[in-house]
Amino acid sequence: MDVTNEPSGKKSNFIQDLIDEDLKSSRFNTHVQTRFPPEPNGFLHAGHAKAICLNFGIARGYSGLFNLRFDDTNPVTENSEYVFSIRKDLEWLLGEELESDPLYTSDYFEQLYLWAELLIKDGKAYVDDQGAETISIQRGSFQEVGVDSPFRNRTPEENLLIFREMRSGAFAEGHCVLRAKIAMDHVNMNMRDPVMYRIRNERHFRTGDTWCIYPTYDWAHGQSDALEGVTHSLCTLEFDSHRELYDWFLDQLDIPSERRPYQTEFARLNFTHTVLSKRVLKRLVDDSVVEGWDDPRMPTLSGFRKRGYPASAIRSFCDHIGAAKTNGTHEIELLESFVRSELNQNADRKLAVIRPLKLTITNWPPEHIEMLTAMNNPEDPSAGSREIPFCGSLYIEHNDFMENPEPKYYRLSPGREVRLRYGYYITCNKVLKDEAGNPIELLCTYDPETSGGKSPDGRKVKATIHWVSANHAIEGKVALYERLFAVEHPGSESGDPLDDINQSSKTLLTNAMFEPSIAEATYGDVIQFERLGFFNLDQNDPILFHRTVGLRDEWANIVKRRK
RNA sequence: UGGCCCGUAGUUCAAUUGGCAGAACGCCUGGUUUUGAUCCAGGAGGUUGCAGGUUCAAGUCCUGCCGGGCCAGCCA
């Protein structure tokens, strides 16, 4: 995929500094090329988003090339449904479609096999007939050097013969493996004769039954990079100790220096109150803690999409955090602030009441309905306006009324005057209650002089609250989401992240009241319900809205500080 | 117990490569406001992990400690 574009004026990070040096020293006499190499065995999450934006952004910044490569070397866990969803999520994130089809490591199986034979002929690889457990024991430890396999000194001719038998399916799974012949006393464990091929009598989703031996990550990755022309192979920190092996393999093969890729590691992304491990995410789904991989509480790209996070906000976030080698954890609030600022600019506003409290205007002319004009987006006048019906029978938000107001609470309470957004000033005169003493209806009077929310005498009201006409409201549902995990670093104290689940991470409110124009809402457009937050219409349920993120809430801060 | 990587504000990152330690988010204060939002202005917050050394000058170079992360899959 060609991503020629102007370099972004972003602050640099150590990877860009490194590429700048490479360019200066002409280490590569071609373009810069990066890749994103997911294994098709799971769904993309925020961690992948960082890698995608980094790789794509660098290619774009240097007018280079970027490609998606499915690292499909393990047929037991991988399948084409993941290929489909990964591509979909990636294109959604990037906001554009891939210009060329994705690449696959499995396309290089034959070349990889040929190279493996080359190494065998050079005496640099051998077939080991031992089991996994034996090989593991022989590998030694950090303190002890490993011991040579009894099969280590087979002749190249013998190795070649057996390796070809391996390929032809002569052996059972686990009977033998092909190992690189490096050094069993190497200080780097990855260099103690690593496995290059293992037998798997498993159908591969792309190559079918063509192969029964499959290359390991270490053997496949660098060579695939080289075959594609990747110059900068970016991966996460835990591959640091694999770099030596990555280089060793490339050194053994006749890779022209200008096609020689180099691996650079950066820190993986972490969020507070979140977990970004495929394994734990899978448990959340399997244990029904959430309602699937695309649950709006999940940090997956499909979860973000369902929740209403704009892809552009995720991209901005990734640009902002850049890349470094320091392991750290980002506050989830930072991501949310990017989501808010994006949505604040672009989201249309509507009125909705999610915890309705009946309010009757006692001096409103019976049967009278007035159409009020409301701005669609105060941040963007070109978004226009709409009409909202107003009458004497309304719903307001339950927590916009307090019978005995706390200090600094300046919304509605008995005897107090507030403004109804786009409407009139009203004063609360009487509170009707149920047997338990809970308010069930407010009786108020309005000031006809304050049409449009302006008072001719210039008197001020402290609060403006939202409302919906009870006679015109569309009833629906709203799903509120809190952090999935109750603690900043799930599992750090308890040992198991699932022990730190926030039990009330989802609240479904089923008698929300929306202004009539909500009927025109279309999937994909996140809207702001004024004073409540941003909400995303569900793809299938036309009256269900997922709260993307709340507005910053000063009153909530005041309440919190009091405790 | 070995090797490698990393320590700068609450958090994540900068610091023109040895020259007055900054930004964003968060927090606090004030202003504007028909969203307690947005927007604007300001503020608090630092012994640059610690201790030495080189230098007119060290976050940056050197040495030694301390702390965190990673590595002993036929996962990636």
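Residue numbers begin at 1 in each chain, while the letters A, B, ... track the order of the sequences.
A:Tyr214 comes within 4.0 angstrom of no nucleic acid atom, judged by non-hydrogen atoms across all strands. Within the nucleic acid shown, A:Arg192 has no heavy atom closer than 4.0 Å to any nucleic acid atom. Counting non-hydrogen atoms under 4.0 angstrom, A:Lys462 reaches nothing in the nucleic acid. Within the 4.0 angstrom heavy-atom criterion, base atoms lie near A:Gln528. Using a 4.0 Å heavy-atom distance criterion, A:Ile465 is classed as making no nucleic acid contact. Residue contacts for A:Phe534: at a heavy-atom cut-off of 4.0 Å it reaches no nucleic acid atom on any strand shown. Across all strands, A:Ala323 comes closer than 4.0 Å only to sugar-phosphate atoms, never to a base (heavy-atom distances).
The line from CG of A:Asn327 to CD of A:Glu238 is 9.0 Å long, rounded to the nearest 0.5 Å. The SG atom of A:Cys53 sits 8.5 Å away from atom CD1 of A:Ile321, with the distance rounded to the nearest 0.5 Å.
A:Thr427 and A:Arg416 form no side-chain donor-acceptor contact under 3.5 Å, judged by distance and modelled atom types alone. Remark: the A:Asn346 side chain and the A:Glu342 side chain contain an N/O donor-acceptor pair separated by less than 3.5 Å. Checked by atom type, the side-chain pair A:Glu449/A:Tyr425 shows no donor-acceptor distance below 3.5 Å. Side chains of A:Arg386 and A:Asn376: a donor-acceptor N/O pair is present below 3.5 angstrom, by distance only. A:Asp71 and A:Thr105 share a donor-acceptor pair across their side chains, judged by distance under 3.5 Å alone. With hydrogens and angles left out, the side-chain atoms of A:Glu370 and A:Tyr424 include a donor and acceptor closer than 3.5 Å. Using a 3.5 Å distance cut-off with no hydrogens or angles, the side chains of A:Glu488 and A:His273 do not pair a donor with an acceptor. Judged by distance alone, the side chains of A:Asp218 and A:Thr216 never bring a donor and an acceptor atom under 3.5 Å apart. With no hydrogens or angles considered, no side-chain donor-acceptor pair links A:Thr464 and A:Arg421 at under 3.5 Å.
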Dot-bracket line, read 5' to 3' along RNA chain B, where crossing pairs take [ ] and | marks a partner on another strand, Watson-Crick or G-U under 3.5 Å: .((((((..((((.....[..)))).(((((.......))))).....(((((..]....))))))))))).....
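Taking atom NE2 of A:His186 as the reference point, atom C1' of B:C4 lies 12 Å away to the nearest angstrom. Between A:Glu336 atom CD and B:A37 atom C1' the separation is 15 Å, expressed in whole Å.
Syn is the glycosidic conformation of B:G73, whose angle stays within 90° of 0. B:U11 shows a glycosidic angle more than 90° from 0 and is accordingly assigned anti.
The side chain of A:Arg421 approaches B:U35 more closely than any other nucleotide in the set B:A14, B:U35, B:C25. When the nucleotides B:C13, B:U12, B:C25 are ranked by their closest atom to the side chain of A:Ala324, B:C13 comes out on top. Comparing atom distances between the A:His330 side chain and each of B:U35, B:G36, B:U12 picks out B:U12 as nearest.
Comparing the same atom, C1', in B:A76 and in B:C39 gives a spacing of 47 Å after rounding to whole Å. Straight-line distance between the C1' atoms of B:A14 and B:U60: roughly 13 Å, to the nearest whole Å.
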Using a cut-off of under 3.5 Å, enumerate the N/O to N/O pairs linking the protein to nucleotides 7-10 of chain B.
from	atom 1	to	atom 2	distance (Å)
B:G10	N2	A:Glu331	OE1	2.9
B:G10	N2	A:Glu331	OE2	3.4

Distances under 3.5 Å only, N/O to N/O: pair up the protein atoms with those of nucleotides 27-29 of chain B.
from	atom 1	to	atom 2	distance (Å)
B:C27	OP1	A:Asn557	ND2	3.4
B:C28	OP1	A:Arg561	NE	2.7
B:C28	OP1	A:Arg561	NH2	2.8

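Here A:Trp467 pairs with nothing under the side chain to side chain donor-acceptor pair (under 3.5 Å) rule; sequence neighbours left out. Partners of A:Glu406 according to the side chain to side chain donor-acceptor pair (under 3.5 Å) rule, which considers only residues two or more places apart in sequence or in another chain, are A:Arg562. Remark: A:Gln263 pairs with A:Glu265 by the side chain to side chain donor-acceptor pair (under 3.5 Å) rule, at least two apart or across chains. Under the rule for a ring pair (Phe, Tyr, Trp, His ring centres under 6.0 Å), the partners of A:Phe338 that lie at least two apart in sequence or sit in another chain are A:His320. Residues that satisfy the side chain to side chain donor-acceptor pair (under 3.5 Å) test with A:Thr548, not counting sequence neighbours, are absent from this structure.
Counting non-hydrogen atoms of neighbouring residues, nucleotides and ligands closer than 6.0 angstrom, the CZ atom of A:Arg268 reaches no more than 12 such neighbours.
Of the residues in residues 370-385 of chain A, those placing a heavy atom less than 4.0 Å from an atom of RNA chain B are A:Pro378, A:Glu379, in numerical order.
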Per-nucleotide protein contact along nucleotides 41-50 of chain B, 5' to 3', at a 4.0 Å heavy-atom cut-off (B base, S sugar-phosphate only, - neither), is ----------
Taking protein heavy atoms under 4.0 Å as touching, what does nucleotides 70-76 of chain B look like 5' to 3' if B marks base contact, S marks sugar-phosphate-only contact and - marks none? SBBSBSB
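Listed by first then second residue, pairs satisfying side chain to side chain donor-acceptor pair (under 3.5 Å) with a partner in residues 129-142 of chain A read A:Asp128-A:Gln130, A:Asp129-A:Arg154, A:Gln130-A:Gln138, A:Gln130-A:Ser149, not counting sequence neighbours.
Paired with A:Glu554 under the rule salt bridge (charged side-chain N to carboxylate O under 4.0 Å, His left out), one option of A:Arg561, A:Lys560, A:Lys408 passes, and it is A:Arg561. Applying the salt bridge (charged side-chain N to carboxylate O under 4.0 Å, His left out) test between A:Glu417 and each of A:Lys460, A:Arg411, A:Arg459, A:Lys462 identifies A:Arg459 as the sole match.
A donor N or O paired with an acceptor N or O is not found under 3.5 Å between the base of B:G36 and the side-chain atoms of A:Arg531.
Nearest-nucleotide assignment on RNA chain B puts the 5′-proximal partner with A:Thr329, out of A:Thr329 and A:Gln345.
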